[in-house]
Amino acid sequence: EILRMWRETSGSEAATLAAAVAEPGASADILKLLETGTDPQFPSAFLVNRFRQFVRESFEIIPAAAAALAHGDLAEFGRQVDASQSGAEEGLGNQVPETIHLAHRARARGAHAASSFGGGFGGSVWAMVERDAGEGFGRAWMDDYRREFPAAARRAQCFRSALGPAARRLD
């Protein structure tokens, strides 16, 4: 919707929102456009918050998280993942108490990083811990979850997974 509004107002032919934001001055102009929106299906604050989170996630958090991982700085990686999780909670407003709890408890239990993922309003949470701590961590994490959300926990699963291969860009 944001891209459609931008293209209609500006005449831009950007194929994606990321391409639109990359246009000179577009980010500020898109934000102004959204702040004055009058579409009842998409209230102004809803689109503004989503746009701000998109820009922050795409152009700040992800590059900083990738750089932290490239330098082996797990503390900084964790801070960036926390910022992403916070943006999902506050900016996107698409987190439920269960996913919020799991991400926060994982960090409180010592995970290097933890965040929800999926389509929002439910889904899954991942946590990054040392390989040898995985089994005990998962057991304690799920015990916390069962105490806090006993009904939902009956459907929950926790499993260990090794890191996969690095992401690659295909041209």
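Computed from heavy atoms alone, side chains included, the values below leave out hydrogens, waters and symmetry copies.
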On a heavy-atom basis, the closest approach of Pro63 and Glu57 is CD-O, 4.2 Å

| Hey, does the side chain of Thr99 reach the backbone of Val96 with a donor-acceptor pair shorter than 3.5 angstrom? | yes

Legend entry - Test: Arg79 and Asp82 ion pair at under 4.0 Å: no

Between the CE atom in Met128 and the OG atom in Ser161, the distance rounded to the nearest 0.5 Å is 11.0 Å

Between Leu34 and Leu47 the two heavy atoms that sit nearest each other are CD1-O, 3.8 Å

Side-chain heavy atoms nearer than 4.5 Å, only ILVMFWY residues, links allowed to pass through others: does that put Leu92 and Leu102 together?
no

Please answer whether the main-chain N or O of Ala67 pairs with a side-chain N or O of His71 as donor and acceptor at a distance below 3.5 Å. yes

Correct closest heavy-atom pair for Phe59 and Ala18 would be CZ-O, 4.0 Å

Heavy-atom side-chain contact between Arg50 and Phe42 under 4.5 Å
no

TODO: Would you check if there is a donor-acceptor pair between the side chains of Gln95 and Ser116 at a distance under 3.5 Å?
DONE: yes

Any heavy-atom pair between the side chains of Val81 and Gln85 that's under 4.5 Å?
no

* Check: His112 main-chain N/O paired with Arg107 side-chain donor or acceptor under 3.5 Å -> yes

Would you check if Asp29 and Trp6 make a side-chain contact, meaning some heavy-atom pair closer than 4.5 Å? yes

Nearest heavy-atom contact between Ala103 and Ala114 is O-CB, 3.7 Å

Test of understanding: clusters of I, L, V, M, F, W, Y form through side-chain heavy atoms closer than 4.5 Å, transitively. Do Leu31 and Phe46 belong to the same one?
yes

To the nearest 0.5 Å, atom CZ of Arg154 lies from atom CZ of Arg146 at 11.5 Å

Task: Donor-acceptor contact present, side-chain Thr36 to main-chain Leu33, <3.5 Å - done: yes

- Just by distance, do the side chain of Arg105 and the backbone of Trp141 share a donor-acceptor pair under 3.5 Å? no

Q) Is there a side-chain contact between Glu89 and His104 (heavy atoms, below 4.5 Å)? A) yes

Between Asn49 and Gly91, the two heavy atoms sitting closest are CB-O, 3.1 Å

Report yes or no: do Phe137 and Tyr145 belong to one cluster of Ile/Leu/Val/Met/Phe/Trp/Tyr joined by side chain heavy-atom distances under 4.5 Å? yes

Between Glu60 and Gln80, the two heavy atoms sitting closest are O-OE1, 4.5 Å

Exercise. Would you find more than 12 non-hydrogen atoms of other residues, nucleotides or ligands less than 6.0 Å from Arg4 atom CZ?
Worked result: yes

Going only through I, L, V, M, F, W and Y residues with side-chain contacts under 4.5 Å, is there a path from Leu74 to Ile62? no

| So do Phe149 and Asp144 actually touch side chain to side chain, heavy atoms under 4.5 Å? | no

One should read off an interatomic distance between Cys158 SG and Glu135 CD, to the nearest 0.5 angstrom, of 10.0 Å

Exercise. For the hydrophobic clusters of this structure (ILVMFWY residues joined by side-chain heavy atoms under 4.5 Å, transitively), does one cluster hold both Phe117 and Phe77?
Worked result: yes

Review point. Does some side-chain heavy atom of Leu17 sit less than 4.5 Å from a side-chain heavy atom of Phe51?
Key: yes

Q.
I'd like to know if Arg52 pairs up with Glu35 as an ion pair, taking the criterion as any Lys NZ or Arg NE/NH1/NH2 lying under 4.0 Å from an Asp or Glu carboxylate oxygen.
A. yes

- prompt: With a 4.5 Å limit on heavy-atom distance, are the side chains of Glu98 and Glu148 in contact?
  reply: no

Here the gap from Glu23 atom CD to Ile30 atom CD1, rounded to the nearest 0.5 Å, amounts to 7.0 Å

